[in-house]
K.L.:
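This is the structure I want to talk about, given as structure tokens.
All values derive from a computational prediction rather than experimental measurement. Remember, it's 1-based here, ligands and their atoms both numbered in the order they're listed. Counting begins at 1 with the first residue of the sequence. Any value given below was found using the heavy atoms of this structure, including those in side chains, with hydrogens, waters and symmetry copies removed.
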Amino acid sequence: MRRPFVGGNWKMNTDLESGTVLAQTLAAQWKQNADVCDVVLFPPFPYLQSVARAIDGSSLALGAQDVSSEVNGALTGEVSAEMLIDIGVTWVLVGHSERRHRLGEPDSLVAEKFAMAIASGLSVVLCVGETLLQRSAGNAHEIVVSQLSSAFERIPSDALERVVIAYEPVWAIGTGVAATAEDAQGAHGVIREFIGSRYDSELASGIRIVYGGSLVPGNAKTIFAAPGVDGGLLGGASLKAADFLSICSSAMIGIATGSAG
Ligand code: PGA
């Protein structure tokens, strides 16, 4: 069975004090071991070290919201994989829709960041998903597959155990309108099929695929119970300790009761 994964993407929210308190609260209250469920916090860059201290000794892991595609050099404002590893980061988000659509990151840059993070030894949550316009035109699955084809071009098969794919339809992110369990199941099936054809069926059935977009305690259980949904990536709900913990618990229950997909 695939181990559930829940990520809390704080985006450009919190401040030093509230972020540290949030991390301390989660570390104190989340009692499951990392070998039964991965729970990863993605705070803003300036608070990474403070959050690292707050979660030290707990089963929570530390993630960064972005990573440079380059090793080092004259790249103002960029943060390298080595710098992140240096301060205890083990996960990074790559290809989040806000970076793709609001900041204009093309598929090619997403692929470079993904390859760099993997080559550096980090684990990666690769985000994919269609816009409302693409969905309305009937192209949702095609868009997801084209994002995946580009992203996985340079990823060796032995790195897949360090990859989680997040299906995050852009129209569901931060809107309060989550995808239905059926929508998620359909897209996750397409993603798993892609991994099967790009690699093999064993890797396809082993890779973890999580859903993201307006997850809240009230809809998480249903979505997580859908076959092929291995957890979630949360934005808004990750800023409230009680909601985040409730969704982490739902991931463990939902995935245990849902079928393998
Ligand atoms: P949301 O964001 O939960 O606030 O919709 C999800 C995400 O962007 O990962």
K.L.:
So, the side chain of Q65 versus the backbone of K11: is there a donor-acceptor pair under 3.5 Å, distance only?
P.N.:
yes

K.L.:
Do V163 and I165 come close enough that some side-chain heavy atom pair is under 4.5 Å?
P.N.:
yes

K.L.:
Have S123 and T90 got a donor and an acceptor in their side chains that come within less than 3.5 Å?
P.N.:
no

K.L.:
Thinking salt bridges, do E105 and R100 make one under a 4.0 Å N-O criterion?
P.N.:
no

K.L.:
What residues form a ring-ring contact (aromatic ring centres under 6.0 Å, His included) with F114, not counting sequence neighbours?
P.N.:
F152

K.L.:
Could you go through ligand 1 and note, for every N or O atom, any protein N or O atom closer than 3.5 angstrom, writing the atom names and distance to 0.1 Å, or 'none'?
P.N.:
from: ligand 1; atom 1: 2 (O); to: K11; atom 2: NZ; distance (Å): 3.2
from: ligand 1; atom 1: 2 (O); to: G235; atom 2: N; distance (Å): 3.4
from: ligand 1; atom 1: 3 (O); to: G235; atom 2: N; distance (Å): 2.8
from: ligand 1; atom 1: 4 (O); to: G236; atom 2: N; distance (Å): 2.9
from: ligand 1; atom 1: 5 (O); to: G174; atom 2: N; distance (Å): 2.6
from: ligand 1; atom 1: 5 (O); to: S214; atom 2: N; distance (Å): 2.7
from: ligand 1; atom 1: 8 (O); to: K11; atom 2: NZ; distance (Å): 2.6
from: ligand 1; atom 1: 8 (O); to: H96; atom 2: NE2; distance (Å): 2.7
from: ligand 1; atom 1: 9 (O); to: H96; atom 2: NE2; distance (Å): 3.4
from: ligand 1; atom 1: 9 (O); to: E168; atom 2: OE1; distance (Å): 3.4
from: ligand 1; atom 1: 9 (O); to: E168; atom 2: OE2; distance (Å): 2.7

K.L.:
Quick check on the 6.0 Å ring-centre criterion: do F5 and W91 meet it?
P.N.:
yes

